[in-house]
There are 2 protein chains.
Amino acid sequence: MIHQRQCPIETIIHVLGGKWKPQILWHLIDSTKRFSDLEKLIPNASQKMLTQHLRNLEQEGIIERKIYPTVPPKVEYSLSDYGKTLLPVAEVMCAWGENHNKQEIREPAS
Amino acid sequence: MIHQRQCPIETIIHVLGGKWKPQILWHLIDSTKRFSDLEKLIPNASQKMLTQHLRNLEQEGIIERKIYPTVPPKVEYSLSDYGKTLLPVAEVMCAWGENHNKQEIREPAS
DNA sequence: CGGGATCCATTAGGATACTG
DNA sequence: CAGTATCCTAATGGATCCCG
């Protein structure tokens, strides 16, 4: 699964490029969330995909997963310090994307 | 195909997120290229995917396609002015990606 | 509660052949 | 030269059931 990417842009696209990853990160910005919280916040994501994306983000070091060995189990996800280095980048990406969404309805150049 | 994206990050990932799109853009930064040039520059991309990604980027307004009605045909691709607004964003993404590639071999935190 | 396992649908990407 | 068209495989995402 880990292969060399010729352009580092592909790296960040790979890290962020899962259908629900941006939303997951978005919800973790301000506070730690439990698995069930994320399920409620992102209701269209299936359990499987939520789990899978959370695992991916964890492997990349972006988020942290804390397990409380209680019954019933409790698992908390949070943005790691390293993950926070993504935020400024995400902001720039967001700004361009937001503008692009507006541009999409512009008239074609003559 | 056009659907609302809840987070604008998804927009830019959608625009850049094709296997060969970053490379296409990279090669168009400094100069206009013909289709056959891009084929040589990105030899692993199939004709089909190259065409498909070029069409996508054109539809998004990122690149321009100029057809010379000669025989044999000649088609030139170039970055549009609007496409150039992506460059600073791409740079930031690149920088993070580059650093991330180094981090990947770091030892896990204790 | 927070998953794992399994099976299915959709999409992305690739190989090859053909054409104006 | 710059593609289309067709067929195929791989990867992603989703639905459902089960379990400690």
For this session: Starting at atom NE2 of His14(A), determine the distance to atom P of dA12(C), rounded to an integer number of angstrom.
Result: 17 Å
Exercise. Leu54(A) has an atom CG; how far is it from atom C1' of dG3(C), in whole Å?
Worked result: 11 Å
Exercise. With a 4.5 Å heavy-atom cut-off, do Thr85(B) and Trp96(A) have their side chains touching?
Worked result: yes
Problem set entry | Separation of dT16(C) C1' from Leu50(B) CG (nearest whole Å) | 17 Å
Seminar exercise, completed: Per-nt protein contacts along nucleotides 4-11 of chain C (heavy atom under 4.0 Å; B base, S backbone sugar-phosphate only, - none) come out as B-BB----
For this session: With sequence neighbours excluded, give me every salt bridge (Lys or Arg N to Asp or Glu O under 4.0 Å) pair touching residues 34-53 of chain B.
Result: none
Problem set entry | Whichever of Gly17(A) and Phe35(B) has its nearest DNA chain D nucleotide further upstream toward 5' | Phe35(B)
Exercise. Hey, is the side chain of Ser36(B) poking within less than 4.0 Å of OP1 or OP2 on dA2(D), counting only N and O atoms?
Worked result: yes
For this session: Measure the distance from CH2 on Trp20(B) to P on dG13(C) and round it to the nearest whole Å.
Result: 10 Å
Exercise. Any chain of hydrophobic side-chain contacts (each under 4.5 Å) joining Leu87(B) to Val89(B)?
Worked result: yes
Exercise. Quick one: Ile42(A) CD1 to dG2(C) C1', roughly how many Å, whole number?
Worked result: 15 Å
Problem set entry | Value in whole Å for how far the P atom of dG2(C) lies from CD1 of Ile24(A) | 14 Å
Problem set entry | Qualifying salt bridge (Lys or Arg N to Asp or Glu O under 4.0 Å) pairs with a residue from residues 84-95 of chain A, counting only residues at least two apart or across chains | Asp81(A)-Lys84(A)
For this session: Quick one: do Leu57(B) and Leu28(B) satisfy side-chain contact (heavy atoms from CB on, under 4.5 Å)? Show the steps, please.
Result: CA-CA 12 Å; Leu57(B) 292 168; Leu28(B) 292 182; over 6 Å; no
For this session: Just do the side-chain contact (heavy atoms from CB on, under 4.5 Å) check on Cys94(B) and Ile9(A) with the steps written out, would you?
Result: CA-CA 5 Å; Cys94(B) 250; Ile9(A) 284 197; 3.5 Å; yes
Exercise. Would you say His53(B) reaches dG13(C)'s phosphate, i.e. side-chain N/O to OP1/OP2 under 4.0 Å?
Worked result: yes
Problem set entry | All ring pair (Phe, Tyr, Trp, His ring centres under 6.0 Å) counterparts of Trp26(A), not counting sequence neighbours | none
For this session: Rounded to the nearest angstrom, tell me the gap between atom NZ in Lys19(B) and atom C1' in dT12(D).
Result: 14 Å
For this session: Enumerate the residues from residues 66-75 of chain A whose closest heavy atom to DNA chain C is under 4.0 Å, giving them by residue number; use none for an empty result.
Result: Pro72(A), Pro73(A), Lys74(A), Val75(A)
Exercise. Met49(B) has an atom CE; how far is it from atom P of dA2(D), in whole Å?
Worked result: 19 Å
Exercise. Would you say a side-chain N or O of Tyr77(A) is under 4.0 Å from OP1 or OP2 of dG3(C)?
Worked result: yes
Exercise. Which pairs, with at least one residue in residues 61-75 of chain B and sequence neighbours excluded, count as a salt bridge (Lys or Arg N to Asp or Glu O under 4.0 Å)?
Worked result: Lys74(B)-Glu76(B)
For this session: Examine dC1(C): is either OP1 or OP2 under 4.0 Å from a nitrogen or oxygen in the side chain of Arg34(A)? Give yes or no.
Result: no
For this session: Could you tell me how the ring of His100(B) sits relative to the ring of Tyr82(A): parallel (under 30°), tilted (30 to 60°) or perpendicular (over 60°)?
Result: parallel
